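Below: the structure, in structure tokens.
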Amino acid sequence: LIDRTQERLSTGKQVNSALDNPTNFFAAQAHMNRAADFAVRKDGMAEGIQTAKAADAGITAISALVSAAKGLAEAALGTASTSDRSSFAVQFSQIRSQIDTLASDSGYRGTNLLTGDTLTVNFNEAATAKLTVNGFTATSAGLSIGTATGNWSGTGDITTAQAGLGSAEATLRSQSKTLANNLNIISTRQNFTDQMIGTLQTGADNL
């Protein structure tokens, strides 16, 4: 009895083994096991959020480059100088290359949503509740940003490039909205999981 009393005083719990109260002990153990399972899912959600944030940073940077490319195309249309247009075309090609680099560098722990990878985030212990985030190809080719055909010597080549840039901009905006929505879902589930872990642990302590 002295040993049992000392154990209860040291742990602060009335039930410390199945011998004290089998019903409460195993119920509390089940709560703690479920809380541990949720904690594992919470880590997965945190990694999912970082993966989505990496993709969002890439989209933001690529969008800035697309805007810069649109400025080059407008400047090329505003001049009749073949030399100037050729210079703008070279800069345009450099931007296309940087877009490809940014897309390939936007991955996190082996998953890159800007090169078409898919991210699956599990929310509950049985993995029956989940969210699948589909990536897309954010390279210049994936966004249909054409090359500087003919060094932009003709206005038709420039307007074709402008059309591709407009399409790319629309795609990036749409994908950014989708990604933001997915981020909100994962963050909401992460907060819910924190609350569930706390509830389960408190319930186990009460038992």
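Computed from a prediction, not measured in an experiment: that's the story for all the values here.
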Same apolar cluster: I197 and I49, side chain cutoff 4.5 Å | no
Report whether L77 and I95 are members of the same hydrophobic cluster (ILVMFWY, side-chain heavy atoms less than 4.5 Å apart, transitive linking).
-> yes
Value for OG1 (T118) from CG (L113), rounded to nearest 0.5 Å, stands at 8.0 Å
Please examine the side chains of L131 and T120, heavy atoms only from C-beta on, and report whether any two atoms are closer than 4.5 Å.
-> no
Output the distance between atom OG (S144) and atom CG (L165), rounded to the nearest 0.5 Å.
-> 10.5 Å
Minimal non-hydrogen separation, I158 against A76, with atom names = CD1-CB, 3.7 Å
Does L183 offer a backbone N or O that forms a donor-acceptor pair with the side chain of S187 under 3.5 Å?
-> yes
Would you find a donor on one side and an acceptor on the other, under 3.5 Å apart, between the side chain of S93 and the backbone of A89?
-> yes
Approximate separation, where rounding is to 0.5 Å, of K177 NZ and N182 CG | 14.5 Å
Which value, rounded to the nearest 0.5 Å, describes the distance between L179 atom CG and N184 atom CG?
-> 11.5 Å
Work out which heavy atom in D100 is nearest to a heavy atom in A141; give both atom names and the distance.
-> OD1-N, 4.5 Å
For the side chain of T178 and the backbone of S174, is there at least one donor-acceptor N/O pair under 3.5 Å apart?
-> yes
Would you please classify the geometry between the W152 ring and the F92 ring as parallel, tilted or perpendicular, with 30° and 60° separating the classes?
-> tilted
CD (Q50) and CE (M45) are apart, to the nearest 0.5 Å, by 14.5 Å
Side chains of T115 and T137 in contact at under 4.5 Å (non-hydrogen atoms) = no
Are any non-hydrogen side-chain atoms of L114 and I62 less than 4.5 angstrom apart?
-> yes
Does the R85 side chain pair with the main chain of S153, one donor and one acceptor, at a distance under 3.5 Å?
-> yes
Going only through I, L, V, M, F, W and Y residues with side-chain contacts under 4.5 Å, is there a path from F123 to F38?
-> no
Any donor and acceptor pair, going by atom type alone, linking the side chain of R96 with main-chain N or O of S140 inside 3.5 Å?
-> no
List the steps and the verdict of side-chain contact (heavy atoms from CB on, under 4.5 Å) for R189 and R41.
-> CA-CA 10 Å; R189 288 296 307 226; R41 295 306 183 199; over 6 Å; no
Between N33 (side chain) and Q29 (backbone), is there a donor-acceptor pair under 3.5 Å?
-> yes
Among all residues two or more places apart in sequence or in another chain, which pass the side-chain hydrogen bond (donor to acceptor under 3.5 Å, both in side chains) test with N124?
-> T128
Residue pair R34, E125: steps toward the salt bridge (Lys or Arg N to Asp or Glu O under 4.0 Å) verdict | CA-CA 7 Å; R34 191 178 180 211; E125 63 272 33; 2.8 Å; yes
Decide side-chain contact (heavy atoms from CB on, under 4.5 Å) for V66 and L172; before the verdict, give the C-alpha distance in whole Å, the side-chain angles of both, and the deciding distance to 0.1 Å.
-> CA-CA 10 Å; V66 169; L172 289 169; 3.9 Å; yes
Approximate separation, where rounding is to 0.5 Å, of E169 CD and L143 CG | 11.0 Å
Under a 4.5 Å cut-off applied to non-hydrogen side-chain atoms, are V121 and K130 in contact?
-> no
Are Y108 and I59 in one and the same hydrophobic cluster, where Ile, Leu, Val, Met, Phe, Trp and Tyr link if side-chain heavy atoms are under 4.5 Å apart?
-> no
So, do R109 and E47 sit near enough that their side-chain heavy atoms are less than 4.5 Å apart?
-> yes
Please check if any side-chain donor atom of S106 sits under 3.5 Å from a side-chain acceptor atom of N112, or the reverse.
-> no
Under 3.5 Å donor-acceptor, T101 side chain and S97 backbone | yes
Worked check of side-chain contact (heavy atoms from CB on, under 4.5 Å) between L200 and M32 = CA-CA 7 Å; L200 290 166; M32 292 305 295; over 6 Å; no
Under 3.5 Å: donor-acceptor pair, side chain of S86, backbone of T82 = no
